[in-house]
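One structure is given here, and the rest of the page talks about it.
All residue numbers in this chain count up from 1 along the given sequence.
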Amino acid sequence: MIKIKTILFILLILLIFLFSSCSKKESNVVYFAVGGAPNEIELWEEIVKEFELKTDIKVGILRQPTDTDQRRQGLVVPLKSKKKDPDVFLMDVAWIAQFAASNYLEPLDSYIRENNLDLNVFFSNVVNLVDKYNDKIIALPIYVDGGVLYYRKDLLKKYGYLKPPQTWEELLRYSLKIQEEERKNNPNFYGFVWQGAQYEGLICNFLEVSGSNNGGIVISNGRISLNTKENREALQFMHDLIHKYKVSPPNTFTEMKEEEVRMFFEQGNALFERNWPYAWTLHQSEGSKVKDKIGIAPLPHFPGKKSISTLGGWHIGISKYSDKKHESFEFIKFVISYPIQKKLAIELGWNPGRKDLYEDKELLESLPHFLYLRQVFENAYPRPNLPYYTQISEILQKYINSAISGKMNVNTALKKAEKEVQKIIDRYNGCIKIGKK
């Protein structure tokens, strides 16, 4: 009886899926899949109306969940089934390699040439490192994100520092001095808060510190290079911030994710914070103890090296199976245009994919931190752009967290991580270089 009920239930689901997929989407409509918070969907509906009035091309919004993983799965199912819809959709930066390797994405090069689209308006590093696959453009950036350094302007000035630290040594020196003084009134004060819990944010932090020492993750000719001198120095520094110098909280490796870090800094308990640009507006909101006291800058680097920011954000692409490819590209052109990118920035606080907007006077009046973000994004670098990156990340999270917690020494942690990641690469026969510039 249970088996019969289970079979009937599965058949019912299949019939519902089949009926909904065949039923009554209009055949002359471009379908755009997008998710997010209600205010984001409302703005996309407004943008679609503007596009329809300008072009006479109809666009239907296929609303997706807010949750990023659910959005990805909601795209994978129809793409894997080679459905015509959605025609065009947004992708998290971390999905693009998987979608491209699965042959889900339509190359955009011919459309770009036909429309004389100037790619120089975008950050070249973003397009070249994320939006290309087999030397073909398969997506374009809508929203760019990257790690930044927040700092207390008032405290740096109070203790005689004229500008934020450019090197990690300077950050440590400023932190030690100011932490000692501020703790006379606030025992909970720390020099630097960052994401060290065992999750994806830790990998972003590690890639920024190691990348700023000319390290990172390199896979070349099917071999990974992880346990390097540059990476050992970077990881040891991250460990020492917590245990040796004690300028980062002892719960960094157990609890500190984006929001925990943001709230700690926002309560006035830290001098420096590594986070994403989203935190700016929240730090500047009513009730924040650091309102009007903060600045933003590129993350520090090791002596003689350069700052690195881990790249995040959303990109737009066309389904390989769409039957409205030209109309879909018209929609892409509209979305990446100066006025629409500006609208997304002003109304949602999205960091534009277009670099020319970071000098827009009206935009800078409402979002003054954009003045500093262009330099950050020009030095942004993606996580390994591989279809099997999530498996690599799970291994790295475990061992990097073990190293910063002190459960395992740095050399052992990187050696073990390298060995386990190599097994993943062997399984997929990977041969891609990532990490170093």
Q: Salt-bridge test for Lys343 and Glu46: reply yes if a basic N is under 4.0 Å from a carboxylate O, no otherwise.
A: yes

Q: Compute the ring centroids of Phe32 and Trp44, then answer whether they are less than 6.0 Å apart.
A: yes

Q: Measure centre to centre between the rings of His369 and Tyr150, then say whether the value is under 6.0 Å.
A: no

**Q.** is_close_aromatic(Phe334, Phe51), centroid dist under 6.0 Å
**A.** yes

Q) Does the side chain of Leu202 reach to within under 4.5 Å of the side chain of Met238, using non-hydrogen atoms? A) yes

Q | Basic-acidic side-chain contact under 4.0 Å: Glu259, Arg262 | A | yes

Q. Do Lys177 and Glu180 sit within salt-bridge range, that is, some charged N less than 4.0 Å from a carboxylate O?
A. no

(Q) Could you check whether any side-chain heavy atom of Val76 comes within less than 4.5 Å of a side-chain heavy atom of Gln98, counting everything from C-beta outward? (A) yes

Q: Take Tyr245 and His239 through the ring-ring contact (aromatic ring centres under 6.0 Å, His included) test and state the conclusion after the steps.
A: CA-CA 9 Å; Tyr245 304 114; His239 167 277; 9.8 Å; no

Q | Sidechain-backbone polar pair: Asp92 side chain, Trp314 backbone, donor-acceptor under 3.5 Å | A | no

Q: Please confirm whether Lys324 makes a cation-pi placement over Tyr31, using NZ or CZ under 6.0 Å from the six-membered ring centre and within 45° of the ring normal.
A: no

Q | Where Phe329 and Ile318 come nearest, the two heavy atoms and their spacing | A | N-CD1, 3.7 Å

Q: Flag the pair Val126 / Leu311 as yes when at least one side-chain heavy-atom distance between them is below 4.5 Å, and no otherwise.
A: yes

Q) Do the non-hydrogen side-chain atoms of Phe89 and Leu79 ever get within less than 4.5 Å of each other? A) yes

Q.
Quick one, Leu117 and Leu140 - any side-chain contact, counting heavy atoms below 4.5 Å?
A. yes

(Q) Is the shortest side-chain heavy-atom distance between Tyr428 and Gln391 below 4.5 Å? (A) yes

Q: Give a yes/no verdict on a cation-pi contact between Arg72 and Phe99, requiring under 6.0 Å between NZ or CZ and the six-membered ring centre and an angle within 45° of the axis.
A: no

Q.
With heavy-atom distances below 4.5 Å as the criterion, would you say the side chains of Thr66 and Arg71 are in contact?
A. no

Q: Apply side chain to side chain donor-acceptor pair (under 3.5 Å) to Tyr161 and Glu170, showing your working.
A: CA-CA 10 Å; Tyr161 298 112; Glu170 286 178 340; over 6 Å; no

(Q) I'd like to know if the side chain of Thr310 reaches the main chain of Cys204, judged simply by a donor and an acceptor atom lying under 3.5 Å from each other, with no hydrogens or angles considered. (A) yes

(Q) Just so I know, are the side chains of Ile137 and Leu119 near enough to count as touching, which here means a heavy-atom distance under 4.5 Å? (A) yes

Q | Phe122-Phe377 aromatic ring centre distance below 6.0 Å | A | no

(Q) How about NZ on Lys320, more than 12 heavy atoms from neighbouring residues, nucleotides or ligands closer than 6.0 Å, or not? (A) yes

**Q.** Ile178 side, atom CD1; Phe272 side, atom CZ - distance, nearest 0.5 Å
**A.** 6.0 Å

Q: I would like to know whether Glu45 and Lys49 meet salt bridge (Lys or Arg N to Asp or Glu O under 4.0 Å); could you show each step before the answer?
A: CA-CA 6 Å; Glu45 289 172 345; Lys49 288 178 184 176; over 6 Å; no

Q: Salt-bridge test for Glu50 and Lys54: reply yes if a basic N is under 4.0 Å from a carboxylate O, no otherwise.
A: no

